[in-house]
Enquirer: 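Attaching a single structure in structure tokens format; questions to follow.
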Amino acid sequence: MNSTKKLKHIISLDSELNKIKDVDILLERILTEARKVVNADAGSIYKKHGEIITIHFTQNETLQSKLKPGEKLPFSSIDLPIDRKTISGYVAATGESVNIEDLYSIHKDEPYSYNTQYDKMSGYKCTSNLTVPLKTAQGRILGVIQIINAKNRKGEIVPFSKDDELVINHFAANATVALERAQMTRALLLRMISMAELRDPKETGPHVNRVAGYAVEIFEGYARKHNFDEQRMHRERDNLRIAAMLHDVGKVAISDLILKKPARFSEGEYKIMQSHTLHGAKLFQDSQSDVDEMAAAVAFSHHENWDGTGYPGHIDPYTGEVLKADDQGHPLGKSGEEIPLWARIVSLADVYDALSCKRVYKDAWSQDDVLEAITAEKGKKFDPELVEIFFNVYSNILNIAKRYKD
Ligand SMILES: [Fe+2]
Ligand SMILES: [Fe+2]
């Protein structure tokens with residue numbers, strides 16, 4: 001692409017980025033597109049958290065080509081202080097972009113240096129580097145994009161040009177607008193979730209972020225297997241990430257006396273606890289968008305089981321009318337594909353996280369025990385196809401667990 005074409009491409013991406021609601025989905029996309037537009041082999045995107053910047057996504061086409069399809073690079077959770085000693089730290093501290101021809105011959109007068117240890121660990125040599133801030137119009141730094149190893153037409157590593165610098169800075173400015181908005185959405189969601197957490201202390205920010213991350217991985221595996229087109233895949237994973245975070249938000253409506261009861265529930269109490277699915281669905285009743293619809297489906301059906309033994313079953317969430325009943329008039333559970341795909345995915349992700357983590361009533365299980373339990377529920381509690389996909393993307397699942405620790 002020549003630079004006019006590159007600029008046109010960036011402008012066309014603008015509306016696309018602005019449609020993305022979820023922060024993680026957006027950060028990943030920003031990095032992908034930044035690399036694409038200047039043909040860079042690798043890169044990382046950092047987000048600012050207080051006084052540090054943290055890597056959120058790393059991409060590397062050369063290393064990626066050696067992995068199984070769908071497998072992602074192992075995630076290294078690197079936190080850097082915002083100071084002038086590292087390149088990304090320098091960019092976050094000063095708000096200036098840095099373009100380096102060769103990381104192995106940085107001039108000794110520069111305040112920053114390159115830690116070649118990363119290359120030794122990964123077996124991949126980083127040479128050319130372009131690092132730009134994600135800076136709002138008011139000058140606030142939200143993060144940093146670092147792209148590595150520009151390639152020419154022959155696939156040789158070359159320096160990033162002045163034009164590339166211009167184009168990427170322009171792109172970063174647009175991306176920052178989208179990121180600022182997505183961060184606001186995330187903050188609002190987390191506030192809603194902390195209200196549910198007041199009722200049920202298990203529903204924490206890290207828990208819902210992990211469940212949402214796992215759900216997206218499982219969905220991507222499903223979408224690849226069923227050849228979803230790119231557009232649909234991007235749209236639905238973005239909606240799912242948000243809907244999954246809200247799976248238990250209906251717990252705001254359940255009394256503390258029940259949710260925090262240390263002893264076993266009576267039958268009546270159990271019924272009330274189960275009604276968090278209906279309350280959740282009701283929160284999204286006046287559907288304004290696709291994401292509301294998906295959030296309602298997830299909240300309503302995330303406790304249904306593949307074999308029909310879950311709840312709340314065939315009931316109208318808004319009127320409470322029983323639509324299909326057993327002999328005693330209790331609603332029959334939904335089974336198989338009667339349960340929306342989104343809810344089947346979140347059910348698996350939620351149970352996996354609950355088993356893997358410490359809760360007040362239990363210790364964290366070993367991963368072997370968790371995986372065994374999930375296998376045992378294949379075709380019973382869980383959609384058997386999704387369990388298979390879960391095992392295929394298991395290494396990505398572990399990466400997400402590292403990103404959102406308790
Ligand atoms: Fe739930
Ligand atoms: Fe949960």
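Read the numbers this way: they start at 1 and go in the same order the structure lists the ligands and their atoms. Only heavy atoms go into these numbers, but all of them, side chains included; no hydrogens, no water, no symmetry mates.
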Enquirer: Distance to the ring centre below 6.0 angstrom and angle to the axis at most 45 degrees; does that hold for K72 and F57?
Expert: no

Enquirer: Is it true that E71 and Y394 share a donor-acceptor pair across their side chains at a distance under 3.5 Å?
Expert: no

Enquirer: Decide, yes or no, whether a salt bridge links D24 with R186 under the criterion of side-chain N to carboxylate O below 4.0 Å.
Expert: yes

Enquirer: Restricting to N, O or S atoms of H303, which is nearest to the Fe ion (ligand 1)?
Expert: NE2

Enquirer: Please state whether the separation between the Fe ion (ligand 2) and some N/O/S atom of D353 is under 2.8 Å?
Expert: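 So D353 does not count as coordinating the Fe ion (ligand 2).
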
Enquirer: With the Fe ion (ligand 2) at the apex, how many degrees lie between OD1 of D350 and NE2 of H247, rounded to 10 degrees?
Expert: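 Roughly 90°, rounded to 10°.
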
Enquirer: Between D256 and R199, does at least one N-O distance fall below 4.0 Å, as a salt bridge requires?
Expert: yes

Enquirer: Looking only at N, O or S atoms, find the one in H276 nearest to the Fe ion (ligand 1) and name it.
Expert: NE2

Enquirer: At the Fe ion (ligand 1), what's the angle from H302 NE2 to D248 OD1, rounded to 10 degrees?
Expert: 90°

Enquirer: I'd like the atom name of the N/O/S atom in E203 lying closest to the Fe ion (ligand 2).
Expert: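 Going by distance to the Fe ion (ligand 2), the closest N, O or S atom in E203 is OE2.
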
Enquirer: Taking atom types as modelled, find out whether Y124 and D41 have a side-chain donor-acceptor pair closer than 3.5 angstrom.
Expert: yes

